[in-house]
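Just so it is clear, the values below take in all heavy atoms, side chains as well, and ignore hydrogens, waters and symmetry mates.
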Amino acid sequence: QVHLVESGGGLVQPGGSLRLSCAASGFTLSYYAMGWLRQAPGKEREGVSCISSSVDSTYYRDFVKGRFTISRDNAKNMVYLEMNSLKPEDTAVYYCARFKDLSCSGSYYSTLAYDYWGQGTQVTVSS
């Protein structure tokens, strides 16, 4: 049974940093690309970043490029999202999700590209 559990969210001031973690179980992590998506209040869920199974390629939406870094440790069954220079508009529930293929594609921004999700972790950026 596929299981994804996010952690690391919280309240942070603008300009601050957080590191989200995603613990994966029930499948072979190295066979899949993985992504992070987010959903702000009143908005649709959107893709933020994606990392291929072999860690050789990463994708970032323009609104997080240069501030967020996605990484993974297949041996530990973990996926991470390092978030720096956080802005109030980054406030959202962040979800870890399994991409439907080995490598990310241009569709990583869409929820349709993923088949399993975690429960999400709340990130609030506020002074």
Legend entry - Other residues, nucleotides, ligands: >12 heavy atoms within 6.0 Å of Y109 OH: no
Inset, instruction - Heavy atoms only: give me the nearest L4-C22 pair and the separation to one decimal. - result: CD2-SG, 4.0 Å
Inset, instruction - For S103 and S52, indicate whether the former's side chain and the latter's backbone hold a donor-acceptor pair under 3.5 Å. - result: no
Legend entry - Sub-6.0 Å ring centroid separation between F68 and Y60: no
Legend entry - Minimum heavy-atom distance between S17 and N84, given as atom pair plus value: OG-OD1, 2.8 Å
Inset, instruction - Please report the shortest heavy-atom distance between R38 and A92, naming the atom on each side. - result: CB-CB, 3.9 Å
Inset, instruction - For side-chain hydrogen bond (donor to acceptor under 3.5 Å, both in side chains), just list the numbers for S107 and S105, CA-CA rounded to whole Å, side-chain angles, deciding distance to a tenth of an Å, and then say yes or no. - result: CA-CA 5 Å; S107 62; S105 67; 2.8 Å; yes
Legend entry - Check: R67 main-chain N/O paired with S85 side-chain donor or acceptor under 3.5 Å: no
Inset, instruction - Applying ring pair (Phe, Tyr, Trp, His ring centres under 6.0 Å), run through Y108 and F99 and close with a yes or a no. - result: CA-CA 8 Å; Y108 78 95; F99 197 80; 8.0 Å; no
Inset, instruction - Answer yes if Y59 and V64 sit in the same cluster of Ile, Leu, Val, Met, Phe, Trp and Tyr residues linked by side chain heavy atoms under 4.5 Å apart, and no otherwise. - result: no
Legend entry - Backbone of L29 reached by a side-chain donor or acceptor of R72 within 3.5 Å: yes
Inset, instruction - Taking the side chain as every heavy atom from C-beta outward, state whether E46 and R61 have any atom pair closer than 4.5 Å. - result: yes
Legend entry - L20 and V123, any side-chain heavy atoms less than 4.5 Å apart: yes
Legend entry - Check: Q119 main-chain N/O paired with E6 side-chain donor or acceptor under 3.5 Å: yes
Inset, instruction - Go through the side-chain N and O atoms of S126 and T124 and say whether any donor and acceptor fall under 3.5 Å apart. - result: no
Inset, instruction - Mark yes when over 12 heavy atoms from residues, nucleotides or ligands other than E44 sit less than 6.0 Å from its CD; otherwise mark no. - result: no
Inset, instruction - Taking all heavy atoms of Y114 and all of A97, pick out the closest pair and write down the distance. - result: CD2-CB, 3.6 Å
Inset, instruction - First locate atom OG of S30, then atom CG of N74, and finally report the distance between them rounded to the nearest 0.5 Å. - result: 5.0 Å
Legend entry - Cation-pi geometry met for R45 and Y95 (6.0 Å, 45°): yes
Inset, instruction - Verify, without hydrogens or angle tests, whether R98 (side chain) and D115 (backbone) share a donor-acceptor contact under 3.5 angstrom. - result: no
Legend entry - Within 6.0 angstrom of F63 CZ, more than 12 heavy atoms from elsewhere: yes
Inset, instruction - Measure the OH-OG distance between Y80 and S7 for me, rounded to the nearest 0.5 Å. - result: 9.0 Å
Legend entry - N/O donor-acceptor pair under 3.5 Å between K100 side chain and L112 backbone: yes
Legend entry - hydrophobic_cluster_shared for V48 and W117, side chain cutoff 4.5 Å: no
Inset, instruction - Return the minimal non-hydrogen interatomic distance between S71 and I51, and the atom names on each side. - result: CA-CD1, 3.7 Å
Legend entry - Y32 backbone acceptor or donor facing S53 side chain under 3.5 Å: no
Inset, instruction - Looking only at non-hydrogen atoms, find the nearest pair between G8 and L18 and report the distance. - result: O-CD2, 3.7 Å
Inset, instruction - Please round to the nearest 0.5 Å and tell me the distance separating atom CH2 of W36 and atom CG of L81. - result: 6.0 Å
Legend entry - From CA spacing to verdict: side-chain contact (heavy atoms from CB on, under 4.5 Å), L37, T111: CA-CA 8 Å; L37 300 92; T111 58; 4.2 Å; yes
Legend entry - Ion pair check, K87 and D90, cut-off under 4.0 Å: no
Legend entry - S21 side chain near M78 side chain, heavy-atom distance below 4.5 Å: yes
Inset, instruction - Go through L86 and Q13 one step at a time and tell me if the side-chain contact (heavy atoms from CB on, under 4.5 Å) criterion holds. - result: CA-CA 8 Å; L86 283 162; Q13 292 186 342; over 6 Å; no
Inset, instruction - Hey, could you give me the NE2/CZ distance between H3 and F27, rounded to the nearest 0.5 Å? - result: 11.5 Å
Inset, instruction - Is it possible for you to say whether V79 and Y31 belong to one hydrophobic cluster, with membership spreading through side-chain heavy-atom contacts below 4.5 Å? - result: yes
